[in-house]
Amino acid sequence: MPLLPRVLAFVLAACAAVAQAFSHAEDAKSAPIGVFDSGLGGLTVLERLLDVDQADNATGLYGPDGVPDLARESFVYLGDQANMPYGDYSAEGKSDYLRELILKDAKFLLATNFYRSAEERVPGGRKRRVKIIVIACNTATAWGLADVRRHLESVGDGTKVVGVIEAGVRATLDQILGASAGGARKGVSPFAVGVMATPGTIASGAYARTIRAELAARGVTAEVPVLNQGCAGLADAVETGSPDADAIASSNLVALVERHRDSGSKVPIRAIILGCTHYPFVLGALNRTLAELRAKGAPLSEDFRFVDPAYYTAAECHRILRESGRLSATAQRDASMAFLSVANPELPAACLTADGQLTRAFKYGRSVGSDAVTTKPVPFTRARFGDEVFANIGRLLPRTAALLSRQP
Ligand code: DGL
């Protein structure tokens with residue numbers, strides 16, 4: 001590019017970044033909390049953001065007071081449904097494209113406009129920029145947390161990002177080793193930790209790496225086996241309300257436990273991290289299968305538990321907002337908004353399925369660096385879901401269901 005256009009492009013990019021930043025501390029306090037996932041799984045994290053209670057709201061001191069810590073906050077939720085499953089991109093050799101999608105999700109939450117419908121060509125809706133980003137997706141945390149963090153640093157107004165993986169690992173090790181600082185436990189009997197996650201999250205190695213780092217930070221030198229289970233198809237089955245979801249969850253749990261037993265290890269599994277935000281929806285099936293495995297003498301400790309990173313993630317979000325002086329002072333939960341992405345209906349017919357979604361070949365065939373608008377986040381509408389899926393949300397996530405049903 002010749003020098004002048006290059007300078008202009010730089011100036012424009014700098015202006016865009018400045019326009020995105022908060023100019024007043026008060027704006028940053030009253031702005032919403034941004035949450036994103038590849039689909040509906042992140043709603044399991046939103047539910048914890050709606051009910052986390054670790055502090056006294058009046059004094060700010062640690063300890064629950066019966067009032068949710070984030071009761072005065074509003075939220076912007078994005079489910080990038082048109083581009084999911086995120087967990088399949090790495091196997092398709094498209095991890096870079098996934099990273100681009102994740103950065104786009106974050107930029108959408110930071111933007112102040114949105115497409116009001118799939119047909120709209122220029123985004124005509126207005127929304128507020130978020131003051132913190134919660135990546136409510138393990139796959140997106142594994143592949144994109146560092147990129148989002150770098151982007152926010154380049155904007156430079158103190159907006160932070162929280163992922164689910166560190167939270168999940170800390171939750172697990174706090175429960176096994178105790179939560180006190182340092183946490184080096186002399187005499188802790190040997191244990192193994194399982195991770196059920198998307199194939200993409202497992203392929204990233206993020207959980208195994210974070211577990212090792214966190215064990216080292218706590219002074220645990222003993223070898224802790226990490227049992228990885230990539231659960232192909234499970235997030236998608238949950239998202240679409242497939243009747244196969246429970247069976248897929250159970251067979252993956254059995255596979256993880258039996259592989260450990262077949263290795264000849266006598267070390268009991270003390271926890272399995274639900275390393276995908278869609279999996280709490282199949283916790284019932286997982287608990288039933290666990291009881292069967294236990295009855296057959298599987299190597300599970302007495303105090304075994306499934307760990308959902310969501311609560312720790314919500315607690316971390318609250319802590320960051322409090323420490324950065326960004327907790328909202330006014331009640332505004334009803335100002336929350338939710339968006340789901342859809343395929344751009346103007347794409348050539350060959351890229352779309354009969355029901356208007358991206359074909360698998362097109363979805364995983366795209367490459368980085370294109371300006372083409374292949375999907376658009378549009379306002380969440382109840383009509384997009386089968387009754388079964390929405391009933392599930394209502395059963396498991398009552399606060400979230402109430403918030404969603406107030407969407408226009
Ligand atoms: N819910 C996402 C996670 O936590 C993944 C689902 C997907 O594969 O898109 O990893």
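Both ligands and their constituent atoms are indexed starting at 1 by order of listing.
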Could you tell me the separation between the CD1 atom of Ile272 and the CG atom of Leu290, rounded to the nearest 0.5 Å?
7.0 Å
Partner set under side chain to side chain contact (heavy atoms under 4.5 Å, CB included) for Thr289, not counting sequence neighbours:
Ser250, Leu253, Val254, Leu293
Identify all side-chain donor-acceptor contacts of residues 190-202 below 3.5 Å with residues at least two apart in sequence or on another chain.
unit_1, atom_1, unit_2, atom_2, d
Thr198, OG1, Thr139, OG1, 3.0
Thr198, OG1, Gly200, N, 3.4
Thr198, OG1, Thr201, N, 3.1
Thr198, OG1, Thr201, OG1, 3.1
Thr201, OG1, Thr139, N, 3.3
Thr201, OG1, Thr139, OG1, 3.1

Sub-6.0 Å ring centroid separation between Tyr97 and Tyr364
no
In chain-and-number order, ligand 1 lies under 4.0 Å from a heavy atom of each of Asp37, Ser38, Met84, Pro85, Tyr86, Gly87, Cys137, Asn138, Thr139, Thr198, Ala235, Cys276, Thr277, His278
Would you verify whether the NZ or CZ of Lys104 falls within 45 degrees of the ring axis of Phe36 while also being under 6.0 Å from that six-membered ring's centre?
no
With sequence neighbours excluded, what pairs up with Ser367 under the side chain to side chain contact (heavy atoms under 4.5 Å, CB included) test?
Lys94
